Amino acid sequence: MTEKIAISLPDEAAEWIRTKVATGQATSVSAGIAQLIEADRRYAEWLRQEEAAFGEPLPGDPALWEETAARLRRSPSEVRADNEHELADGNPA
């Protein structure tokens, strides 16, 4: 089933989708927009599956990313030492 709806697009978006049609990347403006919606739907489903498998993504906090990157740069001996220290204190590693 197909439903006909009217949408308004910013000039840049309209030009972009018309270029997709002109270059054969979409058969029509409607088909191109439908492809974008389907791609977004598949991406949202992929994110849902990733979150189910691995937990929530890290927030966009730059400080957290730097802390994570610093932890990943540690040598195995540093990681082992930290784990041993945490276990000695009674905290799970």
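Residues take their numbers from the sequence shown, with the count starting at 1. The structure presented is a predicted model; accordingly, all values stated were derived computationally and were not measured.
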Holding to side chain to side chain contact (heavy atoms under 4.5 Å, CB included), I want the full list of residues that pass it with L47, two or more places apart in sequence or in another chain. Y43
When Ile, Leu, Val, Met, Phe, Trp and Tyr are grouped by side-chain heavy atoms lying under 4.5 Å apart, directly or through other members, which residues fall in the same group as M1? none
Quick check on E50: does its CD atom have over 12 non-hydrogen neighbours (other residues, nucleotides or ligands) under 6.0 Å away? yes
Residues that, via side-chain heavy atoms closer than 4.5 angstrom, fall in one hydrophobic cluster with V29: I5, I7, L9, W16, I17, V21, I33, L36, I37
Show every salt bridge (charged side-chain N to carboxylate O under 4.0 Å, His left out) that has at least one partner inside residues 1-13, sequence neighbours left out. none
Suppose the criterion is salt bridge (charged side-chain N to carboxylate O under 4.0 Å, His left out): which pairs have a residue in residues 16-41, not counting sequence neighbours? E38-R41, E38-R42
Show the nearest heavy-atom pair for residues A26 and G32, with the distance to one decimal. CB-CA, 3.7 Å
Pair up each side-chain donor or acceptor in residues 72-79 with any protein partner under 3.5 Å, not counting sequence neighbours, and list the distances.
{"unit_1": "R73", "atom_1": "NH2", "unit_2": "E66", "atom_2": "OE2", "d": "2.9"}
{"unit_1": "R74", "atom_1": "NE", "unit_2": "R71", "atom_2": "O", "d": "3.3"}
{"unit_1": "R74", "atom_1": "NH1", "unit_2": "D82", "atom_2": "OD2", "d": "2.1"}
{"unit_1": "S75", "atom_1": "OG", "unit_2": "S77", "atom_2": "OG", "d": "3.0"}
{"unit_1": "S75", "atom_1": "OG", "unit_2": "E78", "atom_2": "N", "d": "3.2"}
{"unit_1": "S75", "atom_1": "OG", "unit_2": "E78", "atom_2": "OE1", "d": "3.4"}
{"unit_1": "E78", "atom_1": "OE1", "unit_2": "S75", "atom_2": "N", "d": "2.7"}

